[in-house]
Amino acid sequence: MKAGVVSIIKGAIEGAREAGAITGGNMPEIVLDKPKKEEFGDFSTNAAMLLAPLEKKAPREIAKAISERISQSPYVEKCEVAGPGFINIFLKKTFWLAVLEDIIKTGEGYGRSGLGKGHKVQVEFVSANPTGPLHVGHGRGAAVGDALSNILKFAGFEVSKEYYINDAGRQVLTLGESVRLRMEELSGKAIEFPQDFYKGEYIKDIAADYIEKYGSADAPGAPRLKDFGSSAMLERIKSDLREFGIEFDSWFSERSLDDTGMVAATIDELKQKGHVFESEGALWFRTTAFGDDKDRVLIKADGERTYFASDIAYHRNKIERGFSSIVNIWGADHHGYENRIRALIKALGYDDSVLKIIFIQLVALLRGGVPVAMGKREGEFVTLRQVMDEVGKDACRFFFLMRRSDAQLDFDLDLAKSQAPENPVYYVQYCHARIKSIIAFAAEKGSALPTAFDAALLSRLDQKEEAELIRHLGSFGEVVERSAEAMEPHRVTFYLMDLAALFHPYYNKNRVVTDDPELTSARLLLCNAVATVAANGLRLLGVSAPEKM
RNA sequence: GCGCCUGUAGCUCAGUGGAUAGAGCAUCGGCCUCCGAAGCCGAGGGUCGGAGGUUCGAAUCCUCUCAGGCGCGCCA
């Protein structure tokens, strides 16, 4: 659609040049806007204003020459010059009906694009340590990562979703020790919990489980506590994610990096390339040579590798798997690590633009307008499961996607639960359910939803609101593309709220099912197209599109 | 001190360098004998944190500055 208009404009500029109205050989990049006001047309371009300084002519003069030629296109109703030199293009209605034709024909594939050209993208997200349950912050990352993956796929990328499991190192050992202590407690011993141990109730569950299965940690054949504990936690995480509607393509174990020698191999490669040095008994990676603000330790003086060492091995492995783009979704408190990972990529001789890091800002839960206490020190995180149980999966995911990732999010639990129009998730879902209900009502009255596109029938749609709706439906594909390019899933959320905000007033003002069978059919088709696009958008977000609610 | 993110209506936020800066919530006033009122209509509300600069044009780009959040371990 947009491409067609761009070529019309390019043709008009060429025509103006041949006629001598434009003398230079420059072709500006054609930028098409969807104007905010309908009096500015269906599309608007600033091409003449970009040409003006090159041509040394008044922008309006150039715009006039171009606009006259655009008007001659058979698809164009009229074309006007406005303001400082905008060219406003009004398309013929038949051009817009092609949008409905496209929706009817492609259905749940409407909005799909080939932008990604099948390029392989890896999205790594959540990756919470298997030492405790997922909290709401992880939930936001999960919602963003999953929606982004859906959007990238829809835009033509080949996406692989991965979860990196931190199953090596001290944290897992501490988890094992925490379980051991709880087991002792269960056997009647008085215990004292060290400060850095995991104290949550879930540790008791794991301890009780262990005792039930093996009796004690010394029993023959009993697994190590850290292994038992971390795999129990991981199972719990997996089931939370499944309930949240998220399936990963792969689960990558940190421990496997040690077992297969990848950490050692990565350090060797850095050594060979001369980026490693020894100092004070430790082995360092000279990340400052690649833009980091200080050098980083790979192997500590006590001989143990750092977390960073496994992290660089992991990123080396990701790159060597041949993704054209790797995306990390991290909590905003990790932004300090970005430069050292980029340093690694550069040190290995790759272009670090393959890496995109999306930082997820904090979530503040509100109840009754005041923040829910989330004492970090006590480890009293509100879990994802608690929120999901309280407000439901759909509201939960939708709310996580209502803001840009790098903006803090106030999550109003009361609002998310409320069945009132001010709740945005219901506002959008209601739009879908309402349409399905109208279609059912029409069928009862003997007006079935037409199954095929019919231009003559659809030309009965002559209301201003109908044109606006169709125009918005027609921009869905671009929203998906821009959302994929910018890696900003919230754009789809806003698109859907706008769509619903166009539909509801239309519905209130115009009757769909009337005595006029043609008009009824035409409006049913339009309504169904709205429902189709709403469902497609909601599906990208991982939110259901209910038929009834 | 250095680095990253954020400052837009009372609140929460949208806004690929374009036209008179937009939503939602909250406030106030209306709309169901009629397709789903989980909806609609109307009203008020702004020095886009501030100051310079680039540009025909800046909320958007650059510099400085103020305010808030986060990060700056041989922790994970």
Side-chain angles (χ1 to χ4, degrees), chain A residues 31 33 35-37 39-40 44-46 49-50 52-53 58-59 82-86 88 129 131 166 168-172 174 196 254 279-284 292-294 296-308 310-311 331-339 359 361-362 366 369 402-412 415 418-431 433-442 444-445 447 478 482 485-486 490-491 493-494 497-498 500-501 503-514 520 523-524 527 548-549:
Chain A
V31 178
D33 279 328
K36 284 172 282 191
K37 303 196 166 217
E39 68 211 62
F40 295 146
S44 156
T45 182
N46 61 354
M49 287 184 279
L50 297 178
F86 289 101
N88 295 335
N129 295 332
T131 53
N166 294 108
R170 180 150 312 141
Q171 292 184 105
V172 182
T174 305
D196 57 344
E254 177 185 5
S279 173
E280 297 170 56
L283 194 69
W284 300 69
D292 199 3
D293 52 2
K294 51 185 79 160
R296 309 291 172 181
V297 171
L298 294 171
I299 298 178
K300 298 186 270 180
D302 65 6
E304 272 197 52
R305 66 157 178 79
T306 58
Y307 175 85
F308 177 53
S310 57
D311 224 31
D333 54 342
H334 286 72
H335 67 73
Y337 302 121
E338 176 164 11
N339 282 340
F359 293 104
Q361 272 291 356
L362 297 176
L366 303 178
M402 275 198 316
R403 297 281 177 268
R404 256 187 10 234
S405 300
D406 56 9
Q408 281 198 20
L409 170 68
D410 282 351
F411 191 126
D412 186 331
L415 179 62
S418 83
Q419 299 194 346
E422 59 266 23
N423 185 347
V425 57
Y426 287 118
Y427 186 74
V428 173
Q429 287 183 315
Y430 183 63
C431 169
R434 196 176 213 186
I435 291 168
K436 291 301 173 186
S437 165
I438 295 165
I439 291 169
F441 174 84
E444 273 174 40
K445 297 277 177 189
S447 302
E478 285 160 42
R482 269 182 294 156
E485 273 172 342
H490 76 277
R491 290 168 184 263
T493 315
F494 279 91
M497 292 193 286
D498 288 342
F503 176 75
H504 289 305
Y506 167 67
Y507 167 85
N508 267 274
K509 193 174 163 191
N510 299 283
R511 252 195 102 75
V512 176
V513 183
T514 63
T520 300
R523 287 187 171 163
L524 283 172
C527 287
K548 285 180 182 169
M549 48 196 289

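So you know, we letter chains A, B, ... as the sequences are listed, proteins then strands, and number each from 1.
Not one side-chain nitrogen or oxygen of A:Arg403 sits closer than 4.0 Å to the OP1 or OP2 atom of B:U12. Distances shorter than 4.0 Å separate some side-chain N or O of A:Arg404 from OP1 or OP2 on B:G15. Residue A:Arg523 places none of its side-chain N or O atoms closer than 4.0 Å to OP1 or OP2 of B:C35. Regarding contacts with the backbone of B:A38, every side-chain N or O of A:Lys548 stays at 4.0 angstrom or more from both OP1 and OP2.
To the nearest 0.5 Å, atoms CD (A:Gln429) and CE (A:Met549) are separated by 5.0 Å.
A distance of about 30 Å separates the C1' atoms of B:G30 and B:U8, rounded to the whole Å.
If you check every strand for non-hydrogen atoms under 4.0 Å, A:Ala332 touches sugar and phosphate atoms only. In this structure, A:Ser279 reaches the bases: a heavy-atom distance under 4.0 Å links it to at least one base atom across the strands shown. Nucleic acid contact class of A:Phe494 (heavy atoms, under 4.0 Å, all strands): sugar-phosphate only.
One atom, CD1 of A:Ile299, and another, C1' of B:G73, lie 17 Å apart when rounded to the nearest Å.
Partner assigned to B:A9 is none, using Watson-Crick or G-U wobble distances below 3.5 angstrom. Nucleotide B:G36: unpaired (no Watson-Crick or G-U wobble partner with both distances less than 3.5 Å). B:G17 makes up no base pair with any nucleotide shown, lacking Watson-Crick or G-U wobble contacts both under 3.5 Å.
In the interface, the side chain of A:Asp293 is not paired with the base of B:G3 through any donor and acceptor atom under 3.5 Å apart.
Taking syn as a glycosidic angle within 90° of 0, B:C40 does not qualify and is anti.
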